[in-house]
Every structure is written in C-alpha cells, then in structure tokens.
There are 2 protein chains.
Amino acid sequence: MTAPTHPGAEPRVPLNRERVLRAGVALADEGGIESVSMRKLGGQLAVEAMSLYNHVANKDDLLDGMIDMVFGEIDLPSANADWKTEMRERAISAREALGRHPWATGLMDSRTTPGPATLRHHDSVIGTLREAGFSIEMAAHAFSVLDSYTYGFAMQEQSLPFETEEETAEVAETILAQLPADEYPHLAEMTIEHVLLPDYDYASEYEFGLDLILDGLERARDTA
Amino acid sequence: MTAPTHPGAEPRVPLNRERVLRAGVALADEGGIESVSMRKLGGQLAVEAMSLYNHVANKDDLLDGMIDMVFGEIDLPSANADWKTEMRERAISAREALGRHPWATGLMDSRTTPGPATLRHHDSVIGTLREAGFSIEMAAHAFSVLDSYTYGFAMQEQSLPFETEEETAEVAETILAQLPADEYPHLAEMTIEHVLLPDYDYASEYEFGLDLILDGLERARDTA
DNA sequence: TTTCGTAGGTTTACGCTGTAAGTTATACAC
DNA sequence: GTGTATAACTTACAGCGTAAACCTACGAAA
C-alpha cells in the first residue's frame, strides 16, 4: 500500500529550529527556566530528547535561540517620532517583553553570542540616536545607560515575590512582621508608609527612572 | 591513650556555615557558578557532599548565603560626606563587588530572600537618602533607579566576552569580521570608530550613567 | 570510670540531567 | 525498486541534588 506503513500513523509534521525554540519559550514561560530540560522539551513536541539535537547544537544553543526570540518581540524604533519618544517606547516595549518571559533576564548574563534579532535591535537603537544628533561616544553612553537600567529593572522586578497589588500588600505585611524594625528602621518605614499603601505599584517605578535618564541624555547631548 | 584514636589523625577542624559559604564563593570565583556542586564544594573542604547539609538547608540556601556575602562586601554610606558623594561611592563599590564575583549578578534574579547583609545595605542607603531630604516616595524612586542601573550594568559587563583593553580590540575585530556590515551599519560604525579605538574601556561607561542619574535625582528632589 | 545523648560526619540510593554513540525508519531522486 | 540523506529513536554514562540510614567522636551526667 502507498499509505503510511502502519494504519494509525499520522503523517508526522517535521520538527524544525523555529518550532523547537518556540516550544522552549512556551515551556519556560509556563514552568520557569528550570523546567526546560531536553527530555521535557522533547515531551512537549512528542519526540525523544535526542531528536532535538538535529535542530539545536546543544542546550546553550537552545537558550541562545530562546533569548533571541524574546529580543524579537521588542518593538523597533520606527523613525516616525522624535528620538525621545522612540527611545521611550522601545524601552517600555523591552521591559514588557522581559516581563512576559521572566526567565530571560537571568539567562542574559551568561549568553555572549547575540542572535540576529538582538543585533537588529541594537543596530536600530543606535541608528535612531545617531540620526537624532548623538555623537558616536554619546550614542554609546546612551545605549549603555538605557539598556543597563532596563535589564536591571527587569531583574529586580523578577526577584520580587509578588505580582498583583493585593499580593504586594500581603507579602509586604508578612515580611514586615519578620523584619526587626529596630535593626532596619528605614526599610521598615518605607515598607509601612509607601509599599503598603493601596496604590503602590512597583512596575510604575520604571517610567520614573526612564524619564530621568532620557532627560539627562538630552541635556548631555546638547551640552557636549 | 588520651591522644586521638589513631596516630596520624589530625584534630579535624569542624565545618560551619561561614566556612561553607566562603568556600562556595571562592569556588564560584574560580570556576564559575556551574562548577559549584555540592560534591565539588565538599571536595574543597575535604568532606563528603552530604556533610554540607549540616550547615546549609539546601543548595538554594547555599546560593542565598553566597549572594549575601557579596552584599557584605559593599561599602555602606558613612554619613561623612554629602548624599551624592556617598551614593556615588557605594554604587561604585557595589559594581566592584559584582565585578569581583561575576556569578552573583545572574543569580540575583532568582533569589527572593535577602540576607542580613543585604537588608543592612538597603537600610543604610535609604537612610542616607532620607536624611538628605528625599521624601519617602523620592527615596524609593532613587533607590530603584540606582540599583537597577548598577545590576543591569554589571550584567551587561559580564556578558561581554573580554576583560582587558587588548582583548577588547581583538574580540571586537573578529566579531566585526563576521558581522554583515550592510545589515547592521550603525553597529559596525560604532565598533570601528569607538570600540576599536585604543582607549576604549567599557567599565568607564558606568560612571557616565551614574552621574547622569545622580544629577537627575538631585533635580527631582529639589523640584518635588 | 562508665554511660549516653547529640552534633556532625559518612554511605548508599534514587530519580533527574546533558549528551555521545550507534541504530533505525522515513521520504524523496533516479 | 533501489540508493541516499535526513531525522528520528535507543542505549548508555557520568554527574547532579538530596532523602534516609548509619557511624563515630565528644561533653556531660551518673
């Protein structure tokens, strides 16, 4: 017979790098990075672990590819608005992407080989700055501050043990209870009079720092 | 006999948490965080892996303790100078500590239980800001920007594949050779006309952003 | 001096990990 | 049909964190 060898066999959709990476991202989103093992990832794709090695060189390559997918989600500057708005929007987009994939931030410090999406992103940011009149040195400065701040913020945000506002208050309260207030008076004060207030939202901190940096960069460009 | 049971036995110095953590930090400094396994750490201390569990609850606890040791290396503000100098110095001290222990940065995003040195550090920073006239909200903003920037910078620095200036030029050159210059023109330009220049030093980028942020914070405090 | 509890070490074992090596099955070209 | 490339599977190994059980030396009590 010309049909598949055995009756019940479905015509097996072939794997490819894209599908492997996508499944890796999904798995990490769902269960954290520690739940991404070659065997479990194979399981998600209905395939044995070793089959993945036909599409990624090894686990590091897999993680590099996953990181690059996250970078691919960041909106590139579009050159429609002034540099400040563009930088602001792409920074916010970057933070959102890192927030959607909390595992990515911690991975970034160990990967040293940027993928194509990462390079495209960097190139586009530098280009926007250059066209806005930043010197090469100043563009390098700007790129460094903005990215460092964004990654660092994402990292701090991830290490907070809460996500919603209600959760925040709840967790802060139990922490505070264990916290010797006489040893850490300022920390205690800030927790009580700031973090525990009903409209506290750490995510909104991001834009304060972002605007502070953007204003500073504008000044630096104009005085240099 | 009242001497040790068998002649050649040395009087076995007992382990303790301090010694375990210290050995963990040393091992990670030397061979990277992936070389810190309970078995290898035991080996360093001439002890079986399971013996470590008498002094740390589990591996996470070990890592938490190691991170806290790094925080313990950061100079606290001393209240001798004005807030800006104090903040500047402790930020630089923090970056140096993270630079001495490159494994620490990547770990920080997954640990959510700060140790005593970490708490003491945070408390002291907030205290300095409050005494300098920052409102609680503004002190929280300041703390967030400064720390995010510092951690993010440390992370970026770690993911650079070079350390010395000569190495920088060397690596940049080979990267550049592989980089399709027509696809990433601005990245190529910056590499050629900035990174490859003989006196380029990424570490010095840090202070540019730091001063930019400190100036911005001063303005924010005074106008709020 | 003998006894005994306990703190801190060791041994063994289990299920998990990444991946090298070897084998088999599928799909397409001729 | 036959040959060949591709991509799957199977097996195996060394290393991981750590639970459970065990051993042994030291300090205090009897």
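Computation of the quantities below employed the complete heavy-atom set of this structure, encompassing side-chain atoms and omitting hydrogens, waters and symmetry-equivalent molecules.
Sequence neighbours left out, the pairs with a member in residues 163-195 of chain B that pass ring pair (Phe, Tyr, Trp, His ring centres under 6.0 Å) are B/His194-B/Tyr200. Among pairs with a residue in residues 177-193 of chain B, those fulfilling salt bridge (Lys or Arg N to Asp or Glu O under 4.0 Å) read A/Arg130-B/Glu189, at least two apart in sequence or across chains. Within the structure, salt bridge (Lys or Arg N to Asp or Glu O under 4.0 Å) pairs that include any residue of residues 58-70 of chain A comprise A/Arg17-A/Asp61, A/Asp60-A/Arg111, A/Asp64-A/Arg111 (at least two apart or interchain).
Residues passing the ring-ring contact (aromatic ring centres under 6.0 Å, His included) test with A/Tyr206 are A/Tyr149, A/Phe153, sequence neighbours excluded. Scored by the side chain to side chain contact (heavy atoms under 4.5 Å, CB included) test, B/Pro114 finds B/Thr118, B/Leu119 as partners (sequence neighbours excluded). Taking A/Asn54 as the reference, nothing meets the side chain to side chain contact (heavy atoms under 4.5 Å, CB included) condition, with sequence neighbours excluded. Scored by the salt bridge (charged side-chain N to carboxylate O under 4.0 Å, His left out) test, B/Asp75 finds no partners at all (sequence neighbours excluded). Under the ring-ring contact (aromatic ring centres under 6.0 Å, His included) criterion, A/His55 pairs with no residue at all, not counting sequence neighbours.
Distance, A/Arg19 CZ to D/dA8 P: 9 Å, rounded to whole Å.
Listed by residue number, the members of residues 52-62 of chain A with any heavy atom below 4.0 angstrom from DNA chain D are A/Asn54, A/His55. Contacts between residues 39-49 of chain A and DNA chain C, defined by a heavy-atom separation under 4.0 Å, are made by A/Arg39, A/Lys40. Contacts of residues 22-38 of chain A with DNA chain C (heavy atom under 4.0 Å): A/Val36, A/Ser37, A/Met38.
Note on ring orientation: taking the six-membered ring where Trp is involved, the planes of B/Phe143 and B/His122 are perpendicular (angle over 60°, cut-offs 30° and 60°).
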Distance-only criterion, 3.5 Å: show the donor-acceptor pairs between side-chain atoms of residues 100-107 of chain A and protein atoms not counting sequence neighbours.
{"residue": "A/Arg100", "atom": "NE", "partner": "A/Glu73", "partner atom": "OE1", "Å": "3.1"}
{"residue": "A/Arg100", "atom": "NH2", "partner": "A/Glu73", "partner atom": "OE1", "Å": "3.1"}
{"residue": "A/His101", "atom": "ND1", "partner": "A/Asp29", "partner atom": "OD1", "Å": "2.8"}
{"residue": "A/His101", "atom": "ND1", "partner": "A/Asp29", "partner atom": "OD2", "Å": "3.0"}
{"residue": "A/His101", "atom": "NE2", "partner": "A/Glu73", "partner atom": "OE1", "Å": "2.9"}
{"residue": "A/His101", "atom": "NE2", "partner": "A/Glu73", "partner atom": "OE2", "Å": "2.9"}
{"residue": "A/Trp103", "atom": "NE1", "partner": "A/Asp29", "partner atom": "OD1", "Å": "2.6"}
{"residue": "A/Thr105", "atom": "OG1", "partner": "A/Gln158", "partner atom": "OE1", "Å": "2.7"}

